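The structure appears right after this line, and notes come after that.
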Amino acid sequence: YLQLEELVRKKPDAGLPISAIKLVMVAAFSFGMFELYPLLQHEPLAPRIPDFMPIISSPLALGGILYTGLITTAWALWIESIAFKRVPATDASIILTTEPLFAALAG
């Protein structure tokens with residue numbers, strides 16, 4: 001967060017590019033976990049390609065995936081990047097660290 005605070009101070013209008021970098025990292029790590037999941041199940045590791053047809057063929061599932069990806073992830077990361085202009089890195093770190101606690105309390 002300290003590096004992010006420094007970057008936002010140098011380039012205050014870089015909220016969108018910073019969010020894009022965060023989203024790419026989330027996608028890369030998610031795909032990596034998808035590929036490594038068989039190791040947790042004590043299965044052999046082999047490259048896999050996700051089957052998206054069940055999601056694409058279901059309007060409800062597709063809507064849920066789009067909402068989760070666009071609103072609760074992309075939009076939230078963009079707002080978070082904008083907020084770093086106004087909040088010191090130490091405060092942002094405390095806020096983001098306690099996020100799961102607030103989510104659990106909100107139910």
Side-chain angles (χ1 to χ4, degrees):
Y1 294 117
L2 295 173
Q3 291 175 341
L4 187 57
E5 179 184 26
E6 183 180 328
L7 177 63
V8 171
R9 284 196 181 151
K10 286 181 182 177
K11 298 188 179 239
D13 296 330
L16 196 56
I18 291 170
S19 300
I21 291 168
K22 289 180 182 180
L23 286 174
V24 167
M25 295 307 295
V26 167
F29 281 109
S30 296
F31 187 72
M33 288 305 298
F34 170 79
E35 290 295 330
L36 294 174
Y37 183 75
L39 290 178
L40 298 175
Q41 302 298 318
H42 304 293
E43 297 175 6
L45 185 62
R48 304 177 298 158
I49 297 175
D51 181 17
F52 292 115
M53 284 312 296
I55 295 170
I56 293 171
S57 63
S58 168
L60 182 63
L62 186 59
I65 295 293
L66 288 175
Y67 176 80
T68 302
L70 295 175
I71 303 300
T72 64
T73 303
W75 186 72
L77 287 175
W78 181 55
I79 295 298
E80 176 186 302
S81 296
I82 292 171
F84 268 106
K85 286 191 270 189
R86 297 175 180 87
V87 179
T90 52
D91 294 348
S93 177
I94 291 170
I95 292 167
L96 294 175
T97 302
T98 58
E99 181 183 6
L101 176 63
F102 293 128
L105 292 174

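The model shown is predicted, which means the values in this text are computed figures rather than measured ones.
Pairing each heavy atom of L45 with each of L39, the nearest pair is CB-CD2, 4.0 Å. Nearest heavy atom pair, residue P44 against residue P38, reads O-CB, 3.9 Å. In plain terms, the two heavy atoms of I95 and T98 that are nearest each other are O-OG1, 3.0 Å. Closest approach of W78 and S19 over heavy atoms only: CA-OG, 2.9 Å.
Taking CD1 from I65 and CG from L60, the interatomic distance works out to 10.0 Å, rounded to the nearest 0.5 Å.
Under a 3.5 Å cut-off, the side chain of S58 and the backbone N or O of P54 do not form any donor-acceptor pair.
Applying the side chain to side chain contact (heavy atoms under 4.5 Å, CB included) test to I49 and every residue at least two apart in sequence or in another chain returns nothing. Residues forming a side chain to side chain contact (heavy atoms under 4.5 Å, CB included) with I79 (at least two apart in sequence, or on another chain): W75.
Within 6.0 Å of CZ on F34 lie more than 12 heavy atoms contributed by other residues, nucleotides or ligands.
Listed by first then second residue, pairs satisfying salt bridge (Lys or Arg N to Asp or Glu O under 4.0 Å) with a partner in residues 37-61 number zero, not counting sequence neighbours.
No option in T72, L23, I18 other than L23 meets the side chain to side chain contact (heavy atoms under 4.5 Å, CB included) test with L77.
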